[in-house]
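A short write-up of the structure that comes next.
These numbers come from the heavy atoms of this one structure, side chains and all, not from hydrogens, waters or symmetry mates. All values reported here derive from a predicted model rather than from experimental measurement. Every chain is numbered from 1, with letters handed out A, B, ... down the list of sequences.
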Number of protein chains: 2
Amino acid sequence: MGKDTRERIVFAAMRLFAEKGYGSTSVADILQAAGVNSGSLYYFFPGKQDVLLAVLEAYRSGIEPMLLRPAWGDVADPVERVFALLASYRNRLLATECQYGCPIGSIALELHEPDPVVRELLRVNFEGWVGAVEGCLAEAGARLPVGLDRRALAIFCLTTMEGGVMLSRTERSIAGFDSAVAMLRDYVGRLQAAVNPGHSRERGGTC
Amino acid sequence: MGKDTRERIVFAAMRLFAEKGYGSTSVADILQAAGVNSGSLYYFFPGKQDVLLAVLEAYRSGIEPMLLRPAWGDVADPVERVFALLASYRNRLLATECQYGCPIGSIALELHEPDPVVRELLRVNFEGWVGAVEGCLAEAGARLPVGLDRRALAIFCLTTMEGGVMLSRTERSIAGFDSAVAMLRDYVGRLQAAVNPGHSRERGGTC
DNA sequence: GTCTATAACCCGATAGAC
DNA sequence: GTCTATCGGGTTATAGAC
């Protein structure tokens, strides 16, 4: 059951890295969680960092089926899909008492001088996220100002999510995340109103 | 020179924690950087975590003199002060080839289950930052919509900075940070324009 | 207050039988 | 492919002289 063992290792590491971080997760932790022995792990992976690479690759290939599809299952509107994606992070925070947010962001800030290959995989994960949101914003077409830099707005959505997760995790309260997302929604509402002034804007008591 | 020794330890630890992170900085690293011996450190501090507490306390008490005053030295306008503060983080990124951003944010995401006293000091640091920005936004008075939740907008500024730093550090490029801040500036410009439609808005080619 | 030496432990990784 | 046993090294923290 070689393939199965390798998958159990990656799955266990994915969970542990998200819960405790990369540095605070020992190889022994992974072995115990996966129910395998040292020899098996080092048969499949040259070292601990290569387990991290496999985990980051799993996240990358899981963006569509594991993240976007569940978040967008019942949401067709492209703009609402952006906020449905943010809501999925909110749910994750709520489900863990604001302890776990975005594993990619945590690893990105935990590793200060990451191996270039690790950093590249982090970048690719962010790019996949931003690209998906940018696609939604492109799909929104003329509902947003034609000259709007949709990639920059997609990046803005990412920073809102990551910053909100950071704050909520620190405060163990969803309030910071909600405040940031509310401001983003107000901004997007104003962008839409700039194109279609007749449309009633989403309000959060900001006027 | 007791006080001097303690200060050297805290100063060295502040620098190392920012550069390598808390977990990746060993007590031996701190001893070497501070030019002291093990016995001295453990004379002043019960353990490594207590050094972190002193570092976080130093950051907290340094917000005004070390962060805000330099960033705001030649900026009087309250709204521009917000962006001057963000620009100081941009400068920090540029000065370190996008390697170091916000040390508080890095520590906040690095420690997954921090001791409550550590988490509280992280929270207090964020609160000091948000409070200062909220003060600027309050000072802006009627230039912003009267019903605007200025605390929420201040939190939004923090998430923009922290998220932008995360992205720029990962990509070793200032582009992500700049994109996020440009969107924030566009948003603030639209908020101001909503109050004073005659005023020309800051443009970033978004219309 | 500061020094040196070291205890006690955990880490990632390896060896070699099976 | 998987197992057990273990190596070599780095970790935080302590002991005890000065």
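- Ionic pairing of A:E80 and A:R185 is present here: one or more N-O contacts between side-chain nitrogen and carboxylate oxygen are shorter than 4.0 angstrom.
- Rounded to an integer number of Å, the gap from B:Y42 OH to C:dA7 C1' is 13 Å.
- Taking the six-membered ring where the residue is Trp, A:F156 and B:F156 present tilted rings, their angle falling between 30° and 60°.
- Between B:I9 atom CD1 and D:dT12 atom P there is a gap of 14 Å when expressed in whole angstrom units.
- Rounded to whole Å, the distance from CD on A:Q32 to P on C:dC10 is 13 Å.
- Contact record, B:A12 with B:I30: CB-O, 4.2 Å, taken as the closest heavy-atom pair.
- In this structure, A:N37 atom CG and C:dA17 atom P are separated by 18 Å, rounded to whole Å.
- When all heavy atoms of A:R60 and A:V124 are compared, the closest pair comes out as CD-CG1, 3.1 Å.
- Of the residues in residues 45-58 of chain A, not one places a heavy atom less than 4.0 Å from an atom of DNA chain D.
- Distances shown here put every side-chain N or O of A:Y43 at or beyond 4.0 Å from the OP1 or OP2 atom of D:dT2.
- For the contact set between residues 12-27 of chain B and DNA chain D, defined by any heavy atom under 4.0 Å, the members are B:T25, B:S26, B:V27.
- For A:S38 against C:dT14, a side-chain N or O and a base N or O form a donor-acceptor pair under 3.5 Å.
- Distance, B:I30 CD1 to D:dT11 P: 11 Å, rounded to whole Å.
- With hydrogens and angles ignored, the 3.5 Å screen pairs no side-chain donor or acceptor of A:R123 with any backbone N or O of B:E171.
- Two residues, A:G39 and A:D29, neighbour DNA chain C, and the one matched to the more 5' nucleotide by heavy-atom proximity is A:D29.
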Handout entry: side-chain hydrogen bond (donor to acceptor under 3.5 Å, both in side chains) between B:D29 and B:S26, intermediate numbers included
Key = CA-CA 5 Å; B:D29 291 334; B:S26 69; 3.2 Å; yes

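- In this structure, the CG atom of B:L41 is 14 Å from the P atom of D:dT11, given to the nearest Å.
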Exercise for the section: Starting from the C-alpha separation in whole Å, work towards a yes-or-no answer on side-chain contact (heavy atoms from CB on, under 4.5 Å) for B:R90 and B:D178. Expected result: CA-CA 8 Å; B:R90 183 179 198 272; B:D178 282 348; 2.7 Å; yes

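- Taking atom CZ of residue B:F44 and atom P of nucleotide D:dA13, one finds them 17 Å apart after rounding to whole Å.
- Considering only side-chain N and O atoms, B:T5 lies nowhere under 4.0 angstrom from the phosphate OP1 or OP2 of C:dG1.
- Between B:L31 atom CG and D:dA13 atom P the separation is 11 Å, expressed in whole Å.
- In this structure a side-chain-to-backbone donor-acceptor pair under 3.5 Å is missing from A:R69 to A:E64.
- By the 4.0 Å N-to-carboxylate-O rule, B:E134 lies close enough to B:R151 to be salt-bridged with it.
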